[in-house]
> 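Shown below is the structure under consideration.
Here the structure is a predicted model, which means the values were calculated and not measured. Every number for a ligand or one of its atoms is a count from 1 in the order of the listing. Side chains included, hydrogens not; waters and symmetry mates left out as well; all remaining heavy atoms used.
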Amino acid sequence: MWSDFTPLDIEAVRFEAIHSSGDGLGPVDLRVEPGEHVLVIGPSGSGKSTLLQALSGIIPHAVPAQVSGSIRICGTDTQESDVPSISRMLSVVAQNPSSSVCLPDVADEVAFPLENHAWPPSTIGTAVEATLELVGAASLVGRRSATLSGGETQRVALAAALVSEPRVVILDEPTSMLDPEGIASVRLAVDTAAARASTIVLVEHRLDEYAGARGIGGLPARTVVIGRGGVIAHDGPTASVLLENAAALQEAGCWLPLEAELAALTGSAGGVENAAVAQAVAALGRGAVRLAGGRTAGCQPGDHDPQDHGADAREPGGPSLFARDLDIVAGGAPRRRRSAADPAPVLRDVSFGLRGGELVALLGRNGCGKSSLLRTLAGLARPGSGRVEGPRPGLVFQNPEHQFAQTTVRREIGHGLGAGAAARVDDLATRFDLVDHLEHSPFRLSGGQQRRLSLAAMLAHERPFLLADEPAFGLDRRSSIAAMRELERTAASGCGVLFSSHELRAVWAYANRVLVLGDGYLLADTTPFELLRDDALLESAGLERTGLLDWLVERRLPAGHARRILRELDDVATRVPA
Ligand SMILES: Nc1ncnc2c1ncn2[C@@H]1O[C@H](COP(=O)(O)OP(=O)(O)OP(=O)(O)O)[C@@H](O)[C@H]1O
Ligand SMILES: [Mg+2]
């Protein structure tokens, strides 16, 4: 019986020459006991997803790789078994949900694992509905998969992984595209699976949002850190792993929950509840402060923040892109005359202008119409009514691989640039940390690398306006800050940038204006600072302040001061150790 075996038992596993540099990954030894709940963190490219693919048998059965050592799931060796057999014991929510949702209808997608495992047909419908309900997606049961938004797809992928009540559940960044309600649903779904004695392995970046008000106590009890080269750098109780290694984890590029991030900064635990830590954080926005390990951070005399004049707004210039009375139809309006039978627009009466030099965030719940609005502005979808005026902007898609058309990273960045492209390609590859991948296929890059490539390829064209759909989702801390700074730099060069996001912290730190969508309308066109202080607006748009943002708002710091704190924390996180 499976329940007699250790759910997950990895011994001396090594992947030969799998890394793009030609190096191997591992060795890894890891044993996870029944009902254990493990958080796995590690910088981008450390091999987390590779290890997870080996657990499900995708490596080596579908993706060839030379693997040594043994991986046993509930006693079965994954290299000697096959993927269908392993899937009876283990389910995976893949990093990119759109690549795991494969059937045309949502109900069929979630029923698929049960049909494969020969569940009695009379039980399948009830199980599908109950699981969709559990992940906050009951309303999607009759939908076509191709029409789902990014966050909706992520919920359906989670439901399909949980529906068969597997003994081992592997979740690879299940909240990367979710709004706060979606994250709460994932937490509930994971807790429910854990209560059924499933063993859960969670790879997650958005630790503050996932943990909620309980902070580190809201995370899985055990944490495993995969370090460079794919070896286990730390393994133990979550609080001690994160707090004792905070500075090293931050330097490696990992996201940390707030308490650990501030421990990396000050050397003290307790987060903003600890008066000394709170004082050090508040001082960050005022001048240089001494940090743990004798380092310093904060504004140095003569430092100049191009965005920050003590408030969110600044004087933009250049040409304008206008949305005039737009009705946004999901999937684009048909060319024929509209009929009463057509579905209602997802957004109505949307009007705003975007000027050169602005960095504007587009916010709202999953499915509120952010991607649909961006596609309409880019001329890829027809509006139901109204018009877009101005030069055609470039668009970076929510799923980067949907826009790759070339065989190498070098060609993808240089596509359509003509003479003189080489220097520009090299510059962008350096800025987006893609130099080592220039001759690789865009389709063989990691999720984070694909995201950086899609931004680099679009910026290469130097259009007057850039639209970016969730440009930083799924990136490690260092890459996500780098992506936001590239957008800021693009705006500073005169381009008007509009990006959608679920990351309020990054929005507050970098955007100078926000457009807030909700209830089918543009609810507000304001500054990040005003939005963060407006509880009613946050609630109607389904947005939530997490720990640090709450603290900054409660302290009633001036806009510029609060933003400087956020930016300084990003500076500390991205500083390369001496
Ligand atoms: N081709 C389509 N046909 C029908 N409905 C669609 C289509 N594309 C999207 N939709 C629906 O339109 C609504 C808006 O989708 P959109 O992708 O714009 O949301 P979003 O705000 O970008 O969400 P997310 O934060 O999850 O990415 C959603 O309910 C979505 O399911
Ligand atoms: Mg979207």
Side-chain angles (χ1 to χ4, degrees), residues 93 96-98 101 104-107 109 132 135-159 173-186 206 209 323 326-335 338 341-348 350 360-378 380-384 395-403 451 454 467-474 498-504 506-507 514-523 540-544:
V93 178
N96 181 350
S98 69
V101 171
D105 293 304
V106 167
E109 178 69 32
L132 281 168
V135 301
S139 63
L140 302 179
V141 71
R143 290 282 299 274
R144 305 280 289 170
S145 309
T147 69
L148 301 177
S149 76
E152 289 165 345
T153 308
Q154 202 154 27
R155 284 171 165 86
V156 170
L158 179 64
E173 298 182 31
T175 69
S176 59
M177 293 188 216
L178 295 184
D179 60 21
E181 274 163 26
I183 295 175
S185 303
V186 172
R206 300 177 67 192
E209 288 99 327
L326 286 179
D327 275 8
I328 303 292
V329 178
R335 293 204 164 269
R338 298 188 63 193
D342 287 344
V346 288
L347 289 168
R348 291 177 195 273
V350 175
V360 183
L362 181 62
L363 306 175
R365 288 188 168 82
N366 290 132
C368 72
K370 298 180 295 299
S371 300
S372 305
L373 173 58
L374 293 176
R375 278 198 296 268
T376 307
L377 292 172
L380 299 180
R382 282 163 53 86
L395 171 64
V396 179
F397 289 22
Q398 187 163 0
N399 285 304
E401 74 280 10
H402 289 183
Q403 65 195 125
R451 195 109 280 266
S454 61
L467 312 175
D469 204 354
E470 303 195 25
F473 93 79
L498 176 61
F499 70 101
S500 66
S501 178
H502 293 288
E503 305 290 342
L504 282 186
V507 167
V514 289
L515 301 174
V516 185
L517 303 178
D519 301 329
Y521 291 93
L522 175 58
L523 292 179
S540 31
L543 303 167
E544 262 173 35

> Check whether any side-chain heavy atom of Val516 sits under 4.5 Å from a side-chain heavy atom of Leu362, and report yes or no.
no
> Checking a contact table here: which protein heavy atom is nearest atom 14 (C) of ligand 1, and how many Å away?
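Minimum-distance protein heavy atom for atom 14 (C) of ligand 1 reads Gly367 O, 3.3 Å.
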> Looking only at heavy atoms, what is the nearest atom pair of Gly369 and Leu347, with distance?
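Here Gly369 and Leu347 meet closest at O-CD1, 3.7 Å.
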> Just to check, does Gly364 reach to within less than 4.0 Å of ligand 1 when the distance is taken from its heavy atoms?
no
> Of all the non-hydrogen atoms in the protein, which one sits nearest to atom 31 (O) of ligand 1, and at what distance?
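Here the nearest protein heavy atom works out to Arg143 NH2, 2.3 Å.
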> Taking only heavy atoms of His502, which atoms of ligand 1 are found under 4.0 Å from at least one of them?
25 (O)
> For ligand 1, which part of Val346 has a heavy atom less than 4.0 Å away: the side chain, the backbone, both, or neither?
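Val346 to ligand 1: side-chain contact only, backbone stays beyond 4.0 Å.
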> Give the residue, atom name and distance (to 0.1 Å) of the protein heavy atom nearest atom 12 (O) of ligand 1.
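Of the protein heavy atoms, Ala330 CB, 3.2 Å lies nearest.
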> May I ask you to identify the nearest protein heavy atom to atom 18 (O) of ligand 1, giving residue, atom name and distance to one decimal place in Å?
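For this ligand atom, the closest protein heavy atom is Ser372 OG, 2.5 Å.
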> Heavy atom under 4.0 Å from ligand 1: found in Gln398's side chain, backbone, both, or neither?
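The answer is the side chain of Gln398.
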> Below 4.0 Å from any atom of ligand 1, is there a heavy atom belonging to Gln154?
no
> Specify the protein heavy atom at minimum distance from atom 29 (O) of ligand 1: its residue, its atom name, and the distance to 0.1 Å.
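Going by distance alone, atom 29 (O) of ligand 1 is nearest to Glu152 OE2, 3.2 Å.
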> Of the backbone and side-chain N, O or S atoms of Ser500, does one lie nearer to the Mg ion (ligand 2) than 2.8 Å?
no
> Taking the side chain from Arg382 and the backbone from Ile328, do they hold a donor-acceptor pair closer than 3.5 Å?
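No; zero donor-acceptor contacts below 3.5 Å.
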> At the 4.0 Å heavy-atom cut-off, does Arg144 count as touching ligand 1?
no
> Would you say Ser372 has an N, O or S atom lying under 2.8 Å from the Mg ion (ligand 2)?
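For Ser372, the answer is no, given that no N, O or S atom comes within less than 2.8 Å of the Mg ion (ligand 2).
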> Counting only nitrogen or oxygen atoms and a 3.5 angstrom limit, does Gly369 reach ligand 1?
yes
> Starting from atom 10 (N) of ligand 1, what is the nearest protein heavy atom, named by residue and atom, and what distance separates them?
Thr147 O, 2.9 Å
